[in-house]
Structure formats: C-alpha cells, structure tokens
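For reference, the structure is listed below as structure tokens.
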Protein chains: 2
Amino acid sequence: MHSTIRDVAAHSGVSIATVSRALNTPELLNAETLAKVRESIEALDFMPSARGRQLRGVSTRLVGVVVPTLANPVFAESLQGIDEAASASGYRLMLMTTAYDSGRERRAIETLREQRVDGLIATVADAESNPLLDELDRIGLPYVLAHNDTACRAAVSVDNRRAARDGVRALLQRGHKRILMLAGSFAESDRARLRYRGYENAMLDAGLTPYAPLEMDFNAEELPASLLAHLSDPLRRPTALFCSNDRLAMIVIRGLRHAGLLVPGDISVLGFDGIPLGEWLSTALSSVATPNREIGRHAWRHLAKQLGLPDSKAIDEAANEANEPIPFKLPHNVRTGATIASYIEPAARMAALEPENPA
Amino acid sequence: MHSTIRDVAAHSGVSIATVSRALNTPELLNAETLAKVRESIEALDFMPSARGRQLRGVSTRLVGVVVPTLANPVFAESLQGIDEAASASGYRLMLMTTAYDSGRERRAIETLREQRVDGLIATVADAESNPLLDELDRIGLPYVLAHNDTACRAAVSVDNRRAARDGVRALLQRGHKRILMLAGSFAESDRARLRYRGYENAMLDAGLTPYAPLEMDFNAEELPASLLAHLSDPLRRPTALFCSNDRLAMIVIRGLRHAGLLVPGDISVLGFDGIPLGEWLSTALSSVATPNREIGRHAWRHLAKQLGLPDSKAIDEAANEANEPIPFKLPHNVRTGATIASYIEPAARMAALEPENPA
DNA sequence: TTGAAAGCGCTAACAG
DNA sequence: CTGTTAGCGCTTTCAA
C-alpha cells in the first residue's frame with residue numbers, strides 16, 4: 001500500500017542510499033539528483049516509515065502519556081501543557097487512559113514500552129509502592145509523574161498537604177471551626193490522603209479536633225445519608241465543607257441547595273483543583289487552585305532533561321540561569337470565590353434576619 | 001538498552017524463532033521450552049518491539065487522532081468516546097492537536113502517516129476542499145472525520161443546520177422574533193457556517209428577516225462594541241441571542257450580566273454543544289446539545305469498518321441486525337435550561353413590574 | 001557525489 | 001516441536 005524508499009529509488013534511477021540522503025542530508029547531494037529524487041517522492045506519495053528508521057536505532061521521539069481520564073478537566077489541562085511543550089521539542093504523544101484501574105495502567109505502560117517510547121509521563125493511582133514504576137526504574141526507561149505527590153520518584157505536583165492546609169486556613173481565618181472534609185475514594189488517590197493530612201494539620205494548629213474524613217461517591221446524584229446526618233442539627237453542624245476536589249464540591253453544592261441550605265450563607269464550601277469551570281458558576285467556586293497546565297509543562301521539562309534534550313526554557317533565558325533546577329513542586333493558590341463566607345455567630349445571624357432591626 | 005529477541009534466545013539456549021513463538025503462538029511450544037523462554041524473558045525484562053513486528057508488515061494497530069484542542073470539552077469528550085471504542089478493539093491512539101492551524105494539521109497528518117497508523121480520525125478546520133484529505137483519499141489511508149459536517153467525506157456529526165434550526169425554533173416558539181446569532185470565527189469552522197444556515201432557515205420559515213451574523217472574539221473579556229450597539233435600545237434590541245457554541249454563550253451571559261441585563265429576564269441566550277458544565281451553572285445554560293462521546297464512538301465504528309474489523313457493536317446484537325448501517329448523523333437535543341424564557345411584551349412587563357398590581 | 005551491503009528486531013515460510 | 005533463513009524499510013559505514 002505504501003511506497004517504500006526502494007520504489008522511489010527505482011522510479012528516479014538512483015540507489016536507496018541516495019534517497020535516504022535526500023531525506024536526511026539533502027545538502028550532501030547533487031542538486032539535480034536531489035530534484036529528481038524529490039520529484040519521485042512526490043509522484044509516489046512517498047512518506048518515509050518511522051518504523052524502518054527507528055529500527056536502525058534512532059530514537060522514536062515518542063512520549064507515552066498515561067492519565068486516568070480526560071473527563072476530568074485537570075488532566076485535559078495538563079495534557080495540553082505536555083503537548084505544547086513536547087511538540088515544541090519535536091516529540092509526539094501517545095496517549096493512554098486508565099480510568100484509575102491498575103490493570104489498565106499495566107497494559108498502558110506495556111503498550112508504550114512495546115512502542116519504544118523514549119520516555120513517559122504518567123499519573124498513577126499509587127505512586128509510592130508501584131511495581132510498574134519500579135520496573136521502569138530497573139530497565140532505565142525515563143519517566144516523570146504528573147500530579148502524583150511523592151518524594152520517592154520524579155513527580156511534578158503542588159504540595160498537596162500544604163495546599164490543603166492553606167485552603168483550610170482560609171476557612172479558619174473566616175472564623176470557621178466546625179470544618180468537615182469530604183473526599184472521593186482515598187484508595188484511588190494518594191493525593192486525597194495528602195490533602196486530608198493538610199486538613200488535619202490546619203485543624204490541629206488551630207487547636208481544633210479534625211473530623212474523620214467523609215468518603216462519598218463521585219457520581220452520586222444526591223448527598224449521602226452520612227453527610228445529611230452531619231447537617232441535621234443547625235447549631236452543631238459543620239459551618240464549612242472542604243472537598244478534596246472541585247467536582248465533588250460542585251456535587252455537594254448542588255445537593256446542599258437541594259436540601260435547602262444556602263451556600264455560602266448557611267454553609268461554606270471549598271473545593272480543590274481550581275478547574276476553570278468553577279469560576280463560571282454564578283456563585284464562583286472557592287477552590288485551592290493548582291496550575292495544571294504548568295504541571296504538564298514542567299513534567300515535560302523534567303523528562304526532556306532525562307532524555308538529554310536541551311531545555312528550551314533555559315535557552316530563552318540568560319546563560320547563567322540555565323542550570324537553575326526545574327521545580328518539582330509548583331505553587332498553589334487559594335482562590336477565594338463566592339462559596340466561602342465569614343462565619344457568623346448564630347445569635348448575630350438571627351438578629352440580622354429580623355427585619356425590624358434598624359440599619 | 002532494550003534486550004532483543006536474540007538476547008532471550010541466547011539466554012535460554014533456543015532459536016529466535018522459538019522465542020517469537022513463545023510470544024505469538026505459545027500453544028505450539030513444548031511446555032518446558034515455553035517455561036524456559038518465559039523465564040529468560042522475565043530475567044531480561046524483555047519487551048518485544050512493536051517496531052520490529054510491524055516492519056514485517058503486520059498492522060500497527062495505531063489510530064491517529066487529530067483534534068483542534070482539548071481545552072474545548074467537546075473534543076475531550078469525543079476523544080474519550082474514540083478511546084473507549086478503539087481500545088476495546090485493541091487499537092491505540094496517537095494524539096495530535098492543531099489549534100485550528102492548517103500548518104499544524106498538515107504536520108500532524110504527516111507524522112501520523114510516518115508512524116504508519118492504520119487510519120485516522122480527525123476534526124479539521126475545512127472538511128470540504130482540503131488537499132490533505134484529498135491526499136489521504138488518493139493514497140487510500142482510511143480516515144473518518146468527527147464533528148465536521150459534510151456530505152463529501154465520511155464524517156460523523158450532528159446535522160448542524162437542522163440542529164441550529166431546531167434551537168432557533170425553540171426560541172421562536174417562546175415568542176421571540178428579534179433573534180441575533182453570534183459566532184466565533186466562521187473562517188475557523190464549517191460548522192459555524194452551517195449553524196448560521198439553520199438559523200436563517202428557522203427565521204425565514206417563521207416569516208422573519210434573519211440578522212447578519214455577529215462574529216466575536218472567542219477570548220474576549222468584554223462584549224464587543226458591535227454587540228453593545230445592538231443592545232442599546234431596550235425596545236428594539238434582540239430579545240434572544242443564539243450563540244454558535246457554549247463557550248461563547250457563557251462569555252456572552254457574563255457580559256450581559258455585567259452590562260446590567262438579566263438572563264433570561266431581559267434577554268434569552270441559547271448555546272450550542274451542550275457541554276456538561278453548562279448544566280452546572282446556577283442558571284443552567286440552554287443549549288443545542290450534541291452527543292460528543294457518541295460522535296467519537298461512531299467515528300471509530302466507521303473507521304473500524306473501513307479497516308475491515310468486525311463491528312463489536314454488531315456482534316452484540318442479533319445477526320440480522322448486523323448489517324444495519326452505522327449512522328453518520330447523530331441526533332441532537334435542544335436542552336431547555338434556564339437561560340431562555342418566553343418573550344413578554346414590554347407593556348405586559350411593565351405591568352408585572354408595578355408592585356401595586358394585585359396578584 | 002553516489003552505490004553496495006550490512007544489519008536494526010521481528011515474523012513466517014520451509015525444513016527437519 | 002524446533003531451527004534456519006529471508007526479508008520488512010530504513011540508515012550507515014565503506015568503497016568507488
């Protein structure tokens with residue numbers, strides 16, 4: 001179906017070596033020969049096979065990317081960052097999604113290895129004790145984790161513990177004391193666990209007792225009974241909810257409204273991720289925002305370094321800046337939206353609600 | 001760096017053919033030999049090279065996917081659909097983004113051809129007169145367009161004209177007569193043009209004169225002067241805006257609120273795409289919803305058919321259903337959110353606003 | 001400046 | 001059941 005270098009050689013009456021040179025080192029060829037060969041290439045719709053080339057030992061210039069899902073904008077964003085940075089260096093992406101499933105993670109990495117990717121960027125369910133990654137280490141295939149937050153491996157992320165702590169502090173500063181943390185599945189995510197640690201830290205620092213985390217289903221239509229139980233007593237219920245991700249926060253806000261609670265009037269809600277959509281909600285979602293695109297971009301920079309590529313970022317800058325280490329931890333940012341408010345004592349609230357009270 | 005089939009053969013004291021068989025047709029081997037070979041494979045961390053295999057003429061089981069950007073959830077969703085369907089058939093995706101740039105489209109397709117993808121699924125800026133696609137036709141590389149709406153090529157999409165027409169009809173049914181259509185760049189998108197045709201159709205059918213379309217910048221922070229001019233006269237301004245995509249609709253709604261106009265009280269807004277996020281806005285976005293994931297899934301089905309794969313969908317069903325043609329046009333769905341309302345005559349409005357009027 | 005030839009990792013006859 | 005061998009499309013010495 002495809003024409004090969006041999007077809008081109010035959011068509012233009014030269015050797016295959018000459019065709020190869022026309023492709024790779026045209027400057028070494030006689031202008032006429034070159035023109036002739038190029039004509040044949042055109043005529044035959046010849047497109048050199050990366051396969052043949054790579055078999056000769058040349059690198060594939062392919063990077064594998066492994067993400068749980070693109071339905072989560074967090075990963076779509078970071079994929080964008082990787083894509084932009086990698087294509088600028090002439091690398092192509094090979095994408096695999098895992099749906100947080102370890103079987104699929106394994107198959108994904110296998111496939112990518114078979115394709116002889118030069119390296120890979122992955123977000124895995126468990127970054128610390130992960131045999132797949134251990135194997136990559138052993139065989140020496142370069143990889144960088146994105147979003148996973150661990151010191152054991154090359155991993156670009158925010159500092160999840162501190163980010164969560166800062167988020168909770170923002171709530172504490174607004175006078176909240178009964179702050180409950182909600183999470184999707186802890187099993188699914190080392191990140192959720194670190195975020196809970198941050199929550200604990202902030203609470204303990206403030207002399208408060210952390211609640212146990214409340215795990216809830218990511219796809220729930222309604223609030224789980226366990227949460228509703230927490231909310232039943234207006235005087236003792238949490239005054240703020242810290243959700244381990246934005247999607248959860250949105251589900252919760254919707255559920256709270258459904259249950260007749262005002263956000264942030266009755267209860268504040270803080271998310272985590274800072275997905276762009278959050279800002280579009282009419283009550284903009286307050287969230288601990290993470291620089292997802294930058295996470296992707298920096299993951300690439302680390303990988304590029306491992307691959308021995310010149311750092312295009314560094315090239316732009318002054319030479320003496322060139323050896324500045326590429327960061328593994330990126331800054332987070334507590335985005336004060338409109339879903340968190342200062343805590344008001346119940347007594348004061350009642351007073352404020354009395355219409356008779358003069359202004 | 002990688003060990004090869006030859007290393008394994010040497011390590012286990014068999015021929016390379018035997019190793020190859022251990023990989024591809026293990027049932028043909030003596031159990032002991034097989035075990036021995038597998039041991040060596042383990043010991044050497046051997047992973048067969050897809051390169052070598054494919055060079056022998058076996059298909060790559062790779063599909064190229066070309067989309068403008070993943071920042072638009074529409075494409076992230078359809079990519080998900082492609083991914084799910086393709087991996088179910090054992091195919092892998094190679095992703096390239098183009099940012100609607102024709103140079104990048106060309107490079108993307110070139111790369112994919114070099115990688116010898118078995119076929120590709122693409123969303124291009126211009127589907128009809130596109131030399132790149134013509135070339136694919138000429139060389140016989142199977143491809144299917146997704147979202148592009150044209151009869152000239154295999155393309156899975158909604159019927160953009162009818163979808164837009166139905167959306168505008170929903171506005172007309174609510175009594176709107178002064179309906180203005182806003183679009184991003186027409187140059188960028190054959191789809192936007194078809195949607196304008198649908199708008200025209202609906203208006204003319206209703207005996208109304210269509211407005212000229214108003215093109216506006218996709219990334220604008222504020223409403224363009226041209227639109228503000230349209231809105232200045234409360235009695236003659238459009239009572240509804242039809243936006244050629246949801247992102248635009250969201251920008252417009254924000255801008256309208258900023259300008260002191262109530263949505264949908266003062267003016268209705270209808271989007272197009274039905275991105276999930278729209279439903280999360282506190283005033284849920286009304287939109288002509290397109291089944292993006294299904295578009296991806298069906299694009300794969302068409303490609304799979306061109307590749308001569310058995311249709312996994314058809315297998316599930318009764319045999320007599322098996323030859324049911326795979327649709328090119330998928331159903332759209334006018335999602336009545338909360339940003340469109342019935343038109344109320346100004347007089348009636350004024351009356352309703354007078355607090356003295358009894359209920 | 002060009003050609004001949006070896007070989008990259010693998011599969012698939014064809015023998016044994 | 002297993003080994004030998006001939007390529008697949010390309011790059012890269014080495015010679016001419």
Side-chain angles (χ1 to χ4, degrees), chain A residues 1-38 40-41 44-62 110-118 139 141, chain B residues 1-38 40-41 44-62 110-118 139 141:
Chain A
M1 173 181 142
H2 282 110
S3 45
T4 78
I5 202 175
R6 221 172 300 274
D7 300 327
V8 177
H11 186 272
S12 52
V14 299
S15 72
I16 60 168
T18 301
V19 179
S20 176
R21 283 190 274 261
L23 261 22
N24 303 299
T25 49
E27 66 280 9
L28 294 184
L29 284 192
N30 176 305
E32 281 175 34
T33 321
L34 182 57
K36 200 169 50 180
V37 173
R38 288 201 164 144
S40 303
I41 289 179
L44 299 175
D45 286 321
F46 170 71
M47 180 76 42
S49 157
R51 296 293 173 287
R53 196 195 316 256
Q54 287 149 196
L55 204 44
R56 280 295 317 184
V58 187
S59 98
T60 58
R61 308 208 122 215
L62 241 39
E110 238 166 47
T111 301
L112 264 7
R113 286 182 56 193
E114 287 183 353
Q115 297 292 337
R116 294 293 187 265
V117 293
D118 288 354
I139 63 175
L141 183 59
Chain B
M1 173 183 142
H2 282 110
S3 44
T4 78
I5 203 176
R6 222 171 298 274
D7 299 327
V8 178
H11 187 271
S12 52
V14 299
S15 73
I16 59 167
T18 301
V19 179
S20 177
R21 281 190 274 264
L23 261 22
N24 304 299
T25 49
E27 66 279 9
L28 294 183
L29 284 192
N30 176 304
E32 282 176 35
T33 321
L34 182 56
K36 201 169 51 181
V37 173
R38 288 204 164 142
S40 303
I41 289 178
L44 298 176
D45 286 320
F46 169 72
M47 181 76 42
S49 158
R51 296 295 173 285
R53 198 196 313 257
Q54 287 148 196
L55 204 45
R56 279 294 319 182
V58 188
S59 96
T60 58
R61 308 208 121 215
L62 242 37
E110 237 165 48
T111 301
L112 263 7
R113 285 183 58 192
E114 287 183 353
Q115 297 291 337
R116 293 294 187 264
V117 293
D118 288 353
I139 63 175
L141 182 60

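Below, chain A is the first sequence line, B the second, and so on; all start at residue 1. All heavy atoms count here, side chains included; hydrogens, waters and symmetry mates do not. Just so it is clear, the structure is predicted and the values come from calculations on it, not from any experiment.
- We find the CZ-CD distance between A:R116 and A:Q54 to be 11.0 Å, quoted to the nearest 0.5 Å.
- Side chain of A:T33, nearest nucleotide from D:dC10, C:dC10, C:dT1: C:dT1.
- When distances run from any side-chain atom of B:N30 to the nucleotides C:dC8, C:dT11, D:dT2, the shortest one goes to D:dT2.
- Put simply, the side chain of A:R56 and the base of C:dG7 share a donor and an acceptor less than 3.5 Å apart.
- In this structure, B:I16 atom CD1 and C:dA12 atom C1' are separated by 11 Å, rounded to whole Å.
- Distances were taken from every side-chain heavy atom of A:S15 (C-beta onward) to each of C:dG3, C:dT11, D:dC10; the shortest belongs to C:dG3.
- Using a 4.5 Å heavy-atom cutoff, the side chains of A:T4 and A:I16 are not in contact.
- Residue A:R51 contributes atom CZ, which lies 14 Å from atom P of C:dC10 at whole-angstrom precision.
- With values rounded to the nearest 0.5 angstrom, A:L62 atom CG is found 10.0 Å from B:T111 atom OG1.
- Of the listed nucleotides (C:dT2, D:dC10, D:dG3), D:dC10 has the atom at the smallest distance from the side chain of B:R116.
- Closest non-hydrogen pair, B:S12 versus B:S40, comes out as CB-OG, 3.0 Å.
- A:T4 comes within 4.0 angstrom of the backbone, heavy atoms only, and of no base.
- Here B:R53 reaches the OP1 or OP2 of C:dT11: one of its side-chain N or O atoms lies under 4.0 Å away.
- At a threshold of 4.0 angstrom between heavy atoms, the contacts of B:S20 include nucleobase atoms, whether or not backbone atoms are also involved.
- When the side-chain nitrogen and oxygen atoms of A:T18 are compared with OP1 and OP2 of C:dT2, none of them lie within a distance under 4.0 Å.
- In this structure, A:L28 atom CG and C:dT2 atom C1' are separated by 11 Å, rounded to whole Å.
- In this structure, CG of A:L55 is placed 9 Å from C1' of D:dC8, rounded to the nearest angstrom.
- Shortest non-hydrogen contact noted between B:I5 and B:F46 is N-CE1, 3.4 Å.
- Here the nucleotide nearest the side chain of B:A17, chosen from D:dT2, D:dT4, C:dC10, is D:dT4.
- One can place CD of B:Q115 at 13 Å from P of D:dC10, the figure rounded to the nearest angstrom.
- Between the P atom of C:dT1 and the CD atom of A:E27 lies a distance of 11 Å, rounded to the nearest Å.
- Counting non-hydrogen atoms under 4.0 angstrom, B:V14 reaches the backbone sugars and phosphates but no base.
- For B:L29, whose side chain is taken as the heavy atoms from C-beta onward, the closest listed nucleotide among C:dA5, D:dT2, C:dC10 is D:dT2.
- Both B:G13 and A:F46 lie close to DNA chain D; mapped to their nearest nucleotides by heavy-atom distance, the more 5′-ward contact belongs to B:G13.
- A donor N or O paired with an acceptor N or O is found under 3.5 Å between the base of C:dG3 and the side-chain atoms of A:R21.
- With B:R21 as the fixed residue, the side chain to side chain contact (heavy atoms under 4.5 Å, CB included) test singles out one of B:T33, B:L29, B:V37, B:L34: B:L29.
- Distance, A:Q54 CD to D:dT11 P: 10 Å, rounded to whole Å.
- Summarising the geometry, the separation between CZ on B:R6 and C1' on C:dG9 is reported as 7 Å, rounded to the nearest angstrom.
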